[in-house]
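FYI, side chains are in, hydrogens and waters are out, and symmetry mates aren't considered; it's all heavy atoms of this structure. We count residues from 1, following the sequence as given.
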Amino acid sequence: MSGPESLDAEALRGWIGRTEAARDAITPRLLREFQATLYDDAAAIISPAIHWCLAPSAASTASLGPDGHPARGEFLPPVPLPRRMWAGGALTFHDPLRLGDQVERRSRIADVAVKRGRTGTLCFVTIEHEFTTDRGLAIAERQDIVYREMQAGQAAPAAKADPPRPQWQRDATAGPVLLFRYSALTFNGHRIHYDRSYATEVEGYPGLVVHGPLQATLLLDFAASLNGAAPRQFRFRGLQPLFDFEPFRLCAREQDGGLHLWTETANQSRRMEATASW
């Protein structure tokens, strides 16, 4: 793939407004496999984050790029930067998803922005998704994707002299089997999540990368367990990659009538932050 010198910001912005739609269903098999992947015991309710398993883009194997993602230039713009990461997003839950629901995903490219800084060239693509059932709108989502150079530096979050400690925390791990099963559930072919030699030798990571939406799912479900109900709104952003060999904690504390949540490793290095409100 060509590098940042061939990046034409105005041409990429021509993708703004492009749309894509797909349909899917919450079947007993999907629910069973989702719960078996993430929980020791069958969950009593359907996680609102199961929507990330619904209606994925289903490109043919022959049309995938070398990183395992669908080749760019169809729905997503042809950004000439090799590293792709899910940077964060925002979710508003309007109606709970139910077993048997027929769900339609409608997606639209909302923005494309190119930035150049001390970590190299970055291209941010914002996608708006709507998930609807026969009852109407269930979930409205903003997805933020960032593309970067292969050897680009990672901007560390600003250090806080005395970061607040959690009121609640739960230990967690995300080993290679969990990452593989979650990739299968979401039909995500990105090789950084299950192909260790590709992740370390090609993209230069120290291990397999834990999916952004997987971390967000764990934090969202943690928030729901603490409050006794799924939040109405949930926002999250990645700070630094989390890797499969790192034990970590789900952390939460009260903030502004809701919850401030984050994942952190044993040395209190934060990898994702989130807010939940009801």
Side-chain angles (χ1 to χ4, degrees), residues 34 37-40 47 49 52-53 67-69 82-91 119 122 124 143-148 150-160 163-166 168-186 188-223 225 234-253 259-276:
F34 180 87
T37 297
L38 292 175
Y39 313 119
D40 292 334
S47 168
W52 278 318
C53 303
D67 62 357
H69 270 306
R83 270 191 176 179
R84 168 179 163 173
M85 297 291 289
W86 193 317
L91 297 159
T119 63
L122 303 172
F124 293 88
Q143 178 188 7
D144 302 320
I145 297 174
V146 61
Y147 297 87
R148 61 195 312 137
M150 189 65 77
Q151 301 303 324
Q154 177 72 26
K160 298 179 181 179
R165 301 309 304 144
W168 304 276
Q169 63 184 43
R170 179 183 296 168
D171 291 337
T173 58
V177 174
L178 174 60
L179 300 189
F180 177 82
R181 294 180 81 178
Y182 189 76
S183 289
L185 278 171
T186 55
N188 182 353
H190 199 181
R191 293 168 65 184
I192 63 172
H193 302 304
Y194 60 87
D195 185 338
R196 190 175 304 276
S197 62
Y198 174 85
T200 59
E201 297 170 16
V202 178
E203 297 214 13
Y205 292 113
L208 298 176
V209 180
V210 180
H211 312 67
L214 175 54
Q215 286 188 71
T217 295
L218 296 174
L219 288 174
L220 177 58
D221 289 347
F222 188 41
S225 70
F234 184 80
R235 297 175 180 271
F236 66 98
R237 67 186 183 101
L239 302 176
Q240 300 181 73
L242 177 68
F243 301 102
D244 68 303
F245 56 83
E246 297 181 297
F248 63 100
R249 292 182 288 265
L250 309 176
C251 301
R253 61 180 298 111
L259 289 175
H260 175 213
L261 304 112
W262 64 94
T263 57
E264 68 175 26
T265 57
N267 63 354
Q268 299 182 13
S269 173
R270 294 193 179 190
R271 303 306 171 90
M272 175 173 284
E273 289 188 332
T275 59

Test Leu219 against Phe234 for side chain to side chain contact (heavy atoms under 4.5 Å, CB included), laying out the working first. CA-CA 10 Å; Leu219 288 174; Phe234 184 80; 4.0 Å; yes

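- Taking a 6.0 Å sphere around CZ of Arg249, one finds it holds more than 12 heavy atoms contributed by other residues, nucleotides or ligands.
- You'll find the side chain of Thr263 stays beyond 4.5 Å of the side chain of Leu239, heavy atoms only.
- Checking side-chain atoms of Asp144 against main-chain N and O of Ala87 turns up no donor-acceptor pair under 3.5 Å.
- When all heavy atoms of Val202 and Met150 are compared, the pair lying nearest together is O-SD, 3.5 Å.
- Residues Arg270 and Gln240 come closest through the heavy atom pair O-NE2, 3.8 Å.
- Put simply, the side chain of Leu214 does not reach to within 4.5 Å of the side chain of Trp52, judged on heavy atoms.
- To the nearest 0.5 angstrom, Cys53 atom SG is 10.5 Å from Asn188 atom CG.
- Between Met272 and Phe236, the closest heavy-atom pair is CE-CD1, 3.8 Å.
- Separation of atoms CZ (Phe34) and OG1 (Thr186) is listed at 10.0 Å; rounding is to 0.5 Å.
- Pro166 places a side-chain heavy atom less than 4.5 Å from the side chain of Trp262.
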Solution key, residues 170-178 side-chain donor-acceptor pairs under 3.5 Å, sequence neighbours excluded:
from	atom 1	to	atom 2	distance (Å)
Arg170	NH2	Ser225	OG	3.4

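- For the residue pair Arg253 and Trp168, the shortest heavy atom distance occurs at CA-CZ3, 3.9 Å.
- Atoms CD and CZ, on Gln169 and Phe248 in that order, are 13.0 Å from each other to the nearest 0.5 Å.
- From Leu185, atom CG reaches atom NE2 of His211 across 9.5 Å, with rounding to the nearest 0.5 Å.
- Residues Val209 and Met85 form a side-chain contact, since some pair of their non-hydrogen atoms from C-beta on lies under 4.5 Å apart.
- Shortest non-hydrogen contact noted between Leu242 and Arg271 is CA-NH1, 3.8 Å.
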Run the side chain to side chain donor-acceptor pair (under 3.5 Å) check on Thr265 and Glu246 step by step: do they pass? CA-CA 7 Å; Thr265 57; Glu246 297 181 297; 4.9 Å; no

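- A heavy-atom distance below 4.5 Å is found between the side chains of Arg83 and Tyr205.
- Looking only at side-chain heavy atoms (C-beta outward), Phe222 and Leu259 stay at 4.5 Å or farther from each other.
- We find the CD1-CG distance between Ile192 and Asp244 to be 11.5 Å, quoted to the nearest 0.5 Å.
- Tyr194 is linked by a side-chain contact (heavy atoms from CB on, under 4.5 Å) to Phe180, Ser183, Arg191, counting only residues two or more places apart in sequence or in another chain.
- In this structure, the ring pair (Phe, Tyr, Trp, His ring centres under 6.0 Å) partners of His69, at least two apart in sequence or on a different chain, are His190.
- Going from atom CD1 of Ile145 over to atom CZ of Phe124 covers 12.0 Å, rounded to the nearest 0.5 Å.
- Pairing each heavy atom of Phe245 with each of Pro206, the nearest pair is CE2-O, 3.6 Å.
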